[in-house]
Amino acid sequence: MKKIIKKSYPVMGMHCASCASVIKRKLEKLDGVESCTVNYGNEKAQVAYDPQKVTVSQMNHEIDKLGYSLMEGEMDHSDSSIKSQKLKDLAKLQRHVQIVLPMVAVSILVMAWEIGADPLGFWPKMPEMLMEFFHHLLPVFATYALFVIGVPYLQGVIRFFRYRVANMDSLVGIGTSVAFLYSFIVTAFEESLASYVNTEQNYYDVTIVVIGFITLGKFLEARSKLKTGEAIEKLLGLQVKNALILRDGKEIEVPIDQVVVGDIMLVKPGAKIPLDGVIIEGKSSIDESMITGESIPVDKGPGDTVIGSTINKQGSLQIRVVKVGSDTMLSQIIKMVEDAQGSKAPIERMVDQISAIFVPIVLVLSVVTLIFWLVIGSQFMPFSQALTLGILSFVGILVIACPCAMGLATPTAIIVGVGKAAQNGILIKNAESLEKFNYINFVIMDKTGTITNGKPVVTDIQSIGSNSEKDILQLLASLESHSEHPLAFAIVEKAKNEKLSLHKVKDFEAIEGKGLKGTIGDTEHFAGNLKLASDLKIAVDDEVIKTFTSQGKTPVVFMTKQNVIGYIGIADTIKDDAKEAVAALHKQGIKVAMLTGDNERTAQYIAKQVGIDRVIAEVLPADKASEIKKLQKEGYKVAMVGDGINDAPALATADVGVAMGTGTDVAIESAGITLLGGHISKLPKAVSLARATMNIIKQNLFWAFFYNIIGIPIAAGLLYPLFGILLNPAIAGAAMGFSSVSVVANSLRLKSQKIA
Ligand code: ADP
Ligand code: MG
């Protein structure tokens, strides 16, 4: 039997986006590997494979010879070995940088002196003795740079010839070793070559400077890349180590992984709540800012849900544990953020395709350029000069054309964007949702639980006929106690408060989008909206309905098969931040509509309160999705915001589904984005964050491509015949290093950007 599993493994040894595509191709060739995506940004490979056909160590073996390794054992965030490996690599790079930079400085000084002294006569010519000295010193430096610091690049060259795969290291390696080899031959056989080439001209300095700058670039890049992952580390740091629990009447402190569901935790004032649970005793105000990003503490008491890792500010609490281990909200958040950071944005597919063919194309281009200079160039100039230009172009192209910055452009911004969102209580499922959210121009909000608090209360009860109001409430509550609708909770709550006992109900049935029915005694009862009444062909008192709806109350019509026996008015309070959120969305150029199954006038009233201009009311649950499709046909990019439970089809239909996360479940399947803490004001924040992230990505891609498009022709010597300008390979090396650094730095800018 074929059983495909999908897992994510850390990959070590990647140096650019072309590495990612090499690994992808190699792994996918393996029998049993169905598909694979490799992300250079977070250095992970997600592999879909059949574990009966292929093992992780086989996969590792396949890429091992190319200089990469797949870390066995799925990414486990408690495992810090990867981080410590990365820190070790970073320290090694730093040592190399410290050694090579002084060599670079000397080389540049010598180069500048030679160039500066000659045509301008600005500086005195270098004394003969000093020149001799440097001519012997630079080869020593270059040898050290290439054969000690440049080992990864030389390995890249070997891999290129052995396995026909090339990455950034191969390009740099080929470029620098050609420069070195040429210089070596020229100096070694000075006498016999003197009549063919200019033996005074060697490129040891190029070797030193290119390797120096690229190593510096790598070091800076690795250092800032560690910073992009800080959000996850902060989340991991929130985890509580021990819990004080009540066992056999005694208070004992135990490690968190020994706590089980049902245990009673004791949480003192000022302490962190260890795990998700429900308060059974005590009242307090709780600081949930680390999870929801909302700084105002929330008052909670018995029956309320609390989230692990939040802080109990005042009272002593007894809390029954509801979730442990990977089920806790914090674990779910960490997993979601990690998954999202490792996912690929649609915009990146193009980049991947380009970088996969980029390296081979560059190799061909560099060889063609060299041949061009030798064959065509030498017609117009002495051979030795053509050879000089050919070699400089060859090395320059190889060095400048590495698609390193391209590969970093999207993933680093996604990592920072997703992490920052999480710190603000906005959970993004994947990069695709983030990218799509940037284009949203229409937001549809569900009424109940999104715009209103979703905790309706009964405000009016009117009896028609002989029943007392109490009788009406008692009868209706008996029926509603079988329903899950928020309105039902309001009615049952009211009956409970009045200490009414409930009748037995037979043949209960929920009528979707309309109400319910059930039999009490011998009488069949119905309760619901006007649609239900008209289905039953029962006339309602329009005046009563109008009074309720014009106050924003939802009318519930209570009926037998023949006539109305009562009217109930139910009101829900509007969220404090709803109005502000709608205004902010409007400012962002986004249209806002309200979608509800509730009465049109009730909906209109509430819409007006919060500044929504378009109301789609009295919609059956099954039709909510088609209302969204209608808007999409009109050309809108639609985000649907709902509670994610009974709105699932609508959330899934929208371009991006946004769920209001109120409980401790964050992995809402149909939602691309989850707003924690039930705060609708996070919606405009999410929009501005998505826009900021996409802006950064576009800037990054522009600069990454621009740099290659400009750099390659200059390196090839296109400007030489016209202006005598040729890109010095040393400068190419510096540009190459700093282009990656600047892309990562640009992405990190997102961290400090204020979001609306
Ligand atoms: P919404 O979630 O937008 O209110 P629903 O489809 O859940 O949409 O409900 C539509 C309408 O049907 C409600 O506004 C209410 O008038 C009526 N209704 C549904 N269930 C009940 C119920 N249990 N009791 C009374 N009315 C109900
Ligand atoms: Mg609903």
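Numbering of ligands and ligand atoms starts at 1, following listing order.
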Give yes if a backbone or side-chain nitrogen or oxygen of His485 is under 3.5 Å from a nitrogen or oxygen of ligand 1, and no if not. yes
Nitrogen or oxygen atoms of Val556 and ligand 1 under 3.5 Å apart: no
Side-chain heavy atoms of Thr452 within contact of Lys575, under 4.5 Å: no
The salt bridge (charged side-chain N to carboxylate O under 4.0 Å, His left out) partners of Asp471 (sequence neighbours excluded) come to none
Side chain, backbone, both or neither: which applies to [X] and ligand 1 if a contact is any heavy-atom pair less than 4.0 Å apart?
X      : result
Glu618 : neither
Thr596 : both
Glu480 : side chain
Leu487 : side chain

Give a yes/no on ligand 1: does Lys624 have at least one heavy atom closer than 4.0 angstrom to it? yes
So, does Lys514 sit close enough to ligand 1 that a heavy atom of it is under 4.0 Å from the ligand? yes
List the steps and the verdict of salt bridge (Lys or Arg N to Asp or Glu O under 4.0 Å) for Asp647 and Lys624. CA-CA 8 Å; Asp647 300 315; Lys624 283 188 177 173; 3.6 Å; yes
To which of Asn529, Leu530, Thr452 does the heavy atom nearest atom 16 (O) of ligand 1 belong? Asn529
Report, as yes or no, whether the 6.0 Å neighbourhood of atom NZ on Lys531 holds more than 12 heavy atoms from other residues, nucleotides or ligands. yes
